[in-house]
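Here the structure is a predicted model, which means the values were calculated and not measured. Atoms within each ligand, like the ligands themselves, are counted from 1 in listed order.
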Amino acid sequence: MTRTTADPRLDAIRRTLERAGQGHLLAFYDALDGPARARLLAAIDSIEPARLADLARVAIGADSAATIPDDLAPAPYYPRDPASPVRPWDRDRFRAAGEAIIRAGQAAVFTVAGGQGTRLGFDGPKGCHPAGPVTGKPLFQVLAEQVRAASARFGVAIPWRIMTSPLNHDATTAFFDTHGSFGLAPGQVGFFRQGVLPTFDARTGKVLLADKDAPATNPDGHGGSLRALHRSGALDELAGLGVEHLFYTQIDNPLVRAVDPIFLGLHARADDSSAEMSSKMIAKADPAEKVGVFCTAGGRLRIIEYSDLPPALAEARDDTGELRFKAGSPAIHVIALGFIRRLNEAPGGFALPLHRALKRVPHVDPTTGERVDPAEPNAVKLETFVFDALPMCERSVVLETDRFEFAPIKNATGADSPETCARLQTARNAAWLEAAGVRVPRNKAGEPDCVIEISPLTALEADDLAGRDLPAAIEPGARVAL
Ligand code: UTP
């Protein structure tokens, strides 16, 4: 039977927790002082105890999702080459349309930067991690320079909103303060926090205790942005500025074209009315590449995770020998504010599916009070993914882009690491310089024999280098920052 006390609020929380099999969260309540008790109850409240039983079932894998629909087909897309017979389209028209929207102040940049960067293992928000291959300038600065350069080009202060998490918010805003917001205009950059979800013991489905007065929590995934934009007031604030579309970017990809008029033009003007959420895609080089793939099912666009795509489909080829399901996602979108509002203000709200990730999470043992630092992954973090909103869209556009737009920093070493990111930046910059007539030294494998960084303030795209004062050639082994 549930204990009762003189505190009806405590009793109610205890009853709810015990019904959900999570009574241990109050194991140390009696031994805590007043402020710690208040902290614990507030933290339990914020993870919505009434949802815990359902979340725990997902955490231990009892409610696993991922079924492949029978009518799964490759998603249609606009090819990178607008003259391609696959689907010819008018690049100049859509560029002009996108530029007009940006100039009218109707587009903002939105960056999700609330992740924990566990794979990278960097001490601090990932956006503070060095990204410039020569200067070492941080990821946040690279994007800030893109926003500044695009603002100057289109004659409008493009707003930039950054989603943090409760775990990295203060460190993120302090970093911007220390660096004078990287030269952005006052008020141009703004921050808001995403929500959190409880972190579960992978074996038992019990919520872990981060401390005697705190359940363990983790940020609720980049999908949490769709709710946090609304709940934080950022959506209303941006709408008040006249913004209608968000360029969605992730903080770990310095090569993203954050403000892309062509992409925006297609999103907003390809059909009779604007798309709700659009996406860039990169053609997969081989079937094993670990990116989600754009598909359609039931007349809706969706992304199937690489781990959920059966090998027979991942490896299937069309008549021309191309992969059938080749449209990989680099996590670059344009999202209409109206779509985010529609989701949040729908009767009954909206819910994105929960995905599980197995992680190593230190915690406090609820029976002994001892700290436990597990050697192996012991915990399940639940997260939502922003692309799971795609099937909820009425209209959606997919545009192919080139590999040079995707150089994420995910891991400390190996694939998608600072090293591969730096190499791709140099490769892209070498191609840009060569197109402008600069001689770039290359080794036998054809890779640049030098390191090149180009600030977004110097060039946002290859054509921006035309007419610039550039060296005739780069010396072998040189490190050049332009
Ligand atoms: P990832 O899924 O790669 O996760 O995030 P991560 O947190 O950076 O790194 P790991 O998985 O812990 O190693 C892709 C983008 O989504 C953001 C990240 O900041 C990154 O820009 N993100 C992720 C959030 O904003 N919130 C989250 O809860 C998760």
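Looking only at heavy atoms of the protein, atom 25 (O) of ligand 1 is closest to G114 N, 2.7 Å. From the protein, the heavy atom lying nearest to atom 21 (O) of ligand 1 is V112 O, 2.7 Å. Protein heavy atom closest to atom 22 (N) of ligand 1, with residue, atom name and distance, is G115 N, 3.4 Å. At the shortest separation from atom 6 (P) of ligand 1 among protein heavy atoms lies G117 N, 3.7 Å. The protein non-hydrogen atom at the shortest distance from atom 8 (O) of ligand 1 is K126 NZ, 3.0 Å. If you check which protein heavy atom lies closest to atom 5 (O) of ligand 1, you get K410 NZ, 4.0 Å. Scanning the protein for heavy atoms near atom 7 (O) of ligand 1, the closest one is Q116 N, 2.9 Å.
The distance from atom CD of E244 to atom CG of L337, rounded to the nearest 0.5 Å, is 8.0 Å. Interatomic distance, H245 NE2 to F339 CZ, rounded to the nearest 0.5 Å: 13.5 Å. Interatomic distance, CG of L40 versus NZ of K212, reported as 12.5 Å (0.5 Å rounding).
Using a 30° and 60° split on the angle between ring planes, F182 and F176 fall in the perpendicular class, above 60°. Between H222 and F385, the angle of the ring planes lies from 30° to 60°, which puts this pair in the tilted group. Using cut-offs of 30° and 60° on the angle between ring planes, the pair H179 and F175 is tilted.
Within 6.0 Å of CD on E400 lie more than 12 heavy atoms contributed by other residues, nucleotides or ligands.
Remark: R227 qualifies as a cation-pi partner of F350 under the 6.0 Å distance and 45° angle criteria applied to the six-membered ring.
Backbone and side-chain nitrogen or oxygen atoms of L120 are examined, and none is located within less than 3.5 angstrom of a nitrogen or oxygen of ligand 1.
Of the candidates K381, H222, H355, Q194, Q194 brings a heavy atom nearest to atom 26 (N) of ligand 1. Of the options N253, T118, L139, the smallest heavy-atom separation from atom 10 (P) of ligand 1 is shown by T118. In this structure, of R119, Q250, M163, E383, the residue bringing a heavy atom nearest to atom 1 (P) of ligand 1 is R119.
Judged as a side-chain hydrogen bond (donor to acceptor under 3.5 Å, both in side chains), and not counting sequence neighbours, the contacts of R153 are D464.
For E453 and K137, the salt-bridge test passes: some basic side-chain N is under 4.0 Å from an acidic carboxylate O.
Both the backbone and the side chain of P219 come within 4.0 Å of ligand 1, counting heavy atoms alone. At a heavy-atom distance under 4.0 Å, only side-chain atoms of K359, from C-beta outward, approach ligand 1.
Note on ligand 1: G221 sits in its first shell, one or more heavy atoms being nearer than 4.0 Å. No heavy atom of G224 sits closer than 4.0 Å to any atom of ligand 1.
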